[in-house]
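Reading through the structure tokens given below for one structure.
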Amino acid sequence: MPSSPRPIFVTLLTLTLLFASGCATSLSNLAPAHTLAPGEVQITGVAQADLYTGVFDGTIDAGRAVVDAAQRDEGPITEEELRTLLDAVLLWQLFLPGVTPEVALRVGVSDRPLEGLDVGLRYNGNVVKPDVRLQLWESQGGDLALTAHAAYGYHRSVASSAVEWLVMTEFKRHDFEAGLSAGWQYQDIIKLYLSPRYLYSDLSATPNLPDWLQERIPEEYQDYNPSRFFEDSELHYVGLNWGAMLGYRWVFLHVDMTMMRVLFRPTVLESSRNYDNWVFAPSAGLSVRF
């Protein structure tokens, strides 16, 4: 049964605070299709922008809801209009547009027993993302290559400890990614790559209320029970990444671009919401190899 408008009002501010840190993740690639030779090191520093189309769509829908409510002569706004406004608030907090600095370290490892293997680590201030890449094929001339990769992203925080205490809920997020990368390079001057990718993200919400207390909350106050506000959710990112490195031997200008479809349909206040949208994440910076 849907929640009444009153608890929606009560939790609107709480939800806004909860996702103030956003749910943005690391979407850059920052690696050409050719893996590093054993002992070779690449350090990359970039600025990544995150642009989600859902933010703008949600804002337009919220504006329409406000206009519809204002055109009525009397009566409160409907629950659906209120949820539309809530959707806009959450979309702005979940997928807040912005620019984030990111640093990546990559090292080529021994080519035995697997040849063409390197490992990397990326960090953007909140997400720690280790990965491993294996080169599957290289042309006879060495200019073309095909590589597979897998990565895991750990979010250091989804909400501050103060907010978790306020809503008596513990939040965690984990990302799991897999993809392929095809690329071409011209000597040590130009490197181009194209990478189809899939990223699965698990967003968990664990109530901190003890079971005995949850069972004893009076029925008339169950709408305020934090365990009813938040539920575990899943995000799916499907799309492409492409990039280019231009330089010579040790220093390269690195440009990276990700375009993905985000599939996200969480349950908010016992109502399933559709937050599917597109994300565009361009990055630009420098790579140093030695």
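Since we're looking at a predicted model, the values are computed, not measured. No hydrogens, no waters, no symmetry mates; every other heavy atom, side chains included, goes into these values.
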Just verifying a value: how many Å separate [X] [atom1] and [Y] [atom2], rounded to the nearest 0.5 Å?
X	Y	atom1	atom2	value
Trp184	Lys191	CH2	NZ	10.5 Å
Leu134	Thr147	CG	OG1	7.5 Å
Arg289	Thr44	CZ	OG1	8.0 Å
Ser28	Asp50	OG	CG	9.5 Å
His149	Leu180	NE2	CG	8.5 Å

Is it the case that one hydrophobic cluster holds both [X] and [Y], taking links as side-chain heavy atoms less than 4.5 Å apart, direct or via other members?
X	Y	result
Leu27	Val46	no
Leu194	Met245	no
Val132	Val109	yes
Tyr152	Tyr198	yes
Phe252	Val255	no

query = Can we say Arg249 and Asp188 salt-bridge, meaning some charged N sits less than 4.0 Å from an Asp/Glu carboxylate O?
reply =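 Between Asp188 and Arg249 there is no salt bridge, as every charged N stays at least 4.0 Å from the carboxylate O atoms.
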ask   = Ion pair present between Asp131 and Arg106, side-chain N to carboxylate O less than 4.0 angstrom?
value =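 The answer is yes: the pair qualifies as a salt bridge.
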ask   = Please walk me through it: do Ile43 and Phe290 pass side-chain contact (heavy atoms from CB on, under 4.5 Å)?
value = CA-CA 9 Å; Ile43 300 175; Phe290 54 89; 3.9 Å; yes
Considering all heavy atoms of both residues, which atom of [X] and which atom of [Y] are nearest to each other, and what is their separation?
X	Y	answer
Gly183	Ala33	N-CB, 3.2 Å
Leu286	Leu253	CD2-CA, 4.1 Å
Gly153	Lys129	CA-CG, 4.1 Å
Arg197	Asn241	NH1-CB, 3.5 Å
Ala244	Leu192	CB-CD2, 3.5 Å
Tyr275	Asn277	O-ND2, 2.7 Å

Could you check whether any side-chain N or O of [X] sits under 3.5 Å from a backbone N or O of [Y], counting only pairs where one atom can act as donor and the other as acceptor?
X	Y	answer
Arg156	Gly125	yes
Ser201	Leu235	no
Asp256	Leu30	yes
His34	Gly142	yes
Asn126	Asn124	no
Ser181	Ser195	no

Any side-chain heavy-atom pair of [X] and [Y] under 4.5 Å:
X	Y	answer
Glu115	Gln135	no
Glu40	Asp118	no
Leu144	Trp137	yes
Tyr237	Arg261	no
Gln42	Pro32	yes
Thr258	Met260	yes
Thr35	Leu117	no
Glu102	Ser26	yes

key: Qualifying residue for side chain to side chain donor-acceptor pair (under 3.5 Å) with Tyr200, from Glu234, His174, His236   =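 Single pass found, and it is Glu234.
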inquiry  = For Trp250 and Tyr248, take the angle between the two ring planes, folded into 0 to 90°, and tell me which bin it lands in: parallel under 30, tilted 30 to 60, perpendicular over 60.
reply    =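 Answer is perpendicular, since the angle exceeds 60°.
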request  = Indicate the ring-plane relationship of His254 and Tyr193, choosing parallel, tilted or perpendicular according to the 30° and 60° boundaries.
outcome  =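 Rings of His254 and Tyr193: perpendicular, over 60°.
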task = Show your reasoning for whether side chain to side chain donor-acceptor pair (under 3.5 Å) applies to Ser204 and Asp232.
result = CA-CA 4 Å; Ser204 63; Asp232 294 350; 5.0 Å; no
